[in-house]
Amino acid sequence: GTAPLASLAVTQTPGMDVASYQGNVNWSSAAANGAQFAYVKATEGTTYTNPYFAQQYNGSYNAGLIRGAYHFALPDVSSGATQANWFVNHGGGWSADGQTLPPALDIEYNPYGATCYGLSQSAMVSWIRDFSNTVLSRTGRYPTIYTTTNWWSQCTGNYGGFGATNPLWIARYSSTVGTLPNGWSYQTIWQYSDSGTFPGDQNLFNGAADRLRALALG
Ligand SMILES: *[C@@H]1O[C@H](CO)[C@@H](O)[C@H](O)[C@H]1NC(C)=O
Ligand SMILES: *[C@@H]1O[C@H](CO)[C@@H](O)[C@H](O)[C@H]1NC(C)=O
């Protein structure tokens with residue numbers, strides 16, 4: 001099944017996420033320090049690819065981490081389907097090898113302009129659904145959705161319709177995960193800091209390592 005994982009896990013499994021800013025990552029060192037998974041930025045919009053993607057995506061895999069690829073959404077430049085195809089064609093695939101997480105959509109504050117990219121809340125929900133459905137049809141997995149509760153509330157009207165199908169990767173730099181977006185009663189992954197033990201951002205998978213592998217297997 002493709003549903004997110006069970007709630008109320010007590011064991012949290014550490015991991016990380018990286019992008020071009022981290023450059024060539026020492027994956028054996030990250031693994032030795034306890035990282036068990038990594039999300040790697042593959043693409044953004046409809047033109048960008050991370051020049052370090054192969055080193056990061058293959059290197060994490062070769063060091064034994066469970067890895068996944070993510071796409072940074074720019075909903076004002078092209079449709080959700082167009083960006084999903086760009087993503088899947090440039091690293092955002094999935095295979096049932098037990099070491100590949102569902103592809104992820106990073107949808108959050110616009111670093112280049114208006115917070116919600118000039119889209120209405122209903123247009124934003126439609127954009128995300130278009131992206132999600134395209135990734136599903138291309139890979140067989142619903143994408144993980146990375147966001148913040150505040151952005152989701154402001155830019156989708158706190159839409160609750162993805163919680164039953166798409167795993168939640170919530171960003172909140174605090175000692176607690178806080179209120180989640182509507183539709184999710186628990187997070188699958190929590191990005192809790194932008195610095196720490198590992199290169200890049202610090203994350204916790206909401207369960208033990210066997211559940212992480214189950215998420216990878218689908
Ligand atoms: C990676 O880090 C380890 C220490 O954990 C070090 O021994 C090794 O030389 C590093 N590799 C590279 C390529 O820097
Ligand atoms: C990364 O791994 C894939 C197979 O999983 C392979 O096809 C590709 O050539 C590798 N890329 C590099 C740069 O090693």
Side-chain angles (χ1 to χ4, degrees), residues 1-2 4-5 11-73 81-106 131-132 134-146 166-167 169 188-189 191-205 207-218:
T2 52
L5 300 180
T11 304
Q12 306 281 306
T13 300
M16 54 197 280
D17 63 86
V18 295
S20 65
Y21 184 79
Q22 279 73 40
N24 291 316
V25 172
N26 186 331
W27 290 106
S28 59
S29 178
N33 288 331
Q36 298 200 42
F37 69 95
Y39 263 118
V40 174
K41 184 172 181 176
T43 51
E44 175 173 320
T46 327
T47 54
Y48 175 82
T49 60
N50 169 9
Y52 295 95
F53 181 75
Q55 195 277 345
Q56 295 174 347
Y57 191 70
N58 287 16
S60 51
Y61 178 95
N62 292 334
L65 278 70
I66 296 180
R67 52 77 195 271
Y70 79 86
H71 174 79
F72 192 96
T82 297
Q83 289 188 35
N85 282 318
W86 174 256
F87 174 45
V88 174
N89 292 343
H90 296 89
W94 177 75
S95 62
D97 58 12
Q99 246 186 284
T100 304
L101 292 168
L105 174 66
D106 177 349
F131 184 96
S132 179
T134 304
V135 168
L136 175 64
S137 74
R138 291 286 310 275
T139 72
R141 299 299 302 269
Y142 284 98
T144 299
I145 293 176
Y146 169 102
N166 297 67
W169 177 11
T188 295
I189 298 172
Q191 184 192 74
Y192 66 91
S193 178
D194 60 1
S195 65
T197 302
F198 311 126
D201 303 314
Q202 314 296 300
N203 293 268
L204 289 171
F205 170 79
D210 67 314
R211 303 312 303 157
L212 176 64
R213 192 162 296 274
L215 174 65
L217 281 170

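We count residues from 1, following the sequence as given. We count ligands from 1, going down the list as the structure has it; atoms in each ligand are counted the same way.
Screening Gln56, Gln55, Lys41 against Gln22 for a side chain to side chain contact (heavy atoms under 4.5 Å, CB included) leaves a single residue, Gln56.
Protein heavy atoms all stay at least 4.0 Å away from atom 13 (C) of ligand 1. Less than 4.0 angstrom separates atom 7 (O) of ligand 1 from none of the non-hydrogen atoms of the protein. Within a 4.0 Å radius of atom 2 (O) of ligand 2, the protein contributes one or more non-hydrogen atoms.
Within the 4.5 Å cutoff, the side chain of Leu215 has heavy atoms near those of the Arg141 side chain. Using a 4.5 Å heavy-atom cutoff, the side chains of Asn50 and Tyr57 are not in contact.
Relative orientation of the Trp169 and Tyr146 rings is perpendicular, given thresholds of 30° and 60° on the angle between their planes.
Between Phe72 and Gln83 the shortest heavy-atom distance is O-OE1, 4.3 Å.
Ligand-side atoms of ligand 2 in range of Ala54: 13 (C), range being under 4.0 angstrom from any heavy atom. Counting the atoms of ligand 1 from 1 in the order shown, those under 4.0 Å from a heavy atom of Ser29 are 2 (O), 5 (O). Near Asn58, meaning under 4.0 Å from any of its heavy atoms, are these atoms of ligand 2: 1 (C), 2 (O), 3 (C), 8 (C), 10 (C), 11 (N), 12 (C), 14 (O).
In this structure, Phe131 has its ring center under 6.0 Å from that of His71.
With respect to atom 9 (O) of ligand 1, the closest heavy atom belonging to the protein is Asn26 ND2, 4.8 Å.
Looking at ligand 1, you won't find any N or O of Ser28 less than 3.5 Å from one of its N or O atoms.
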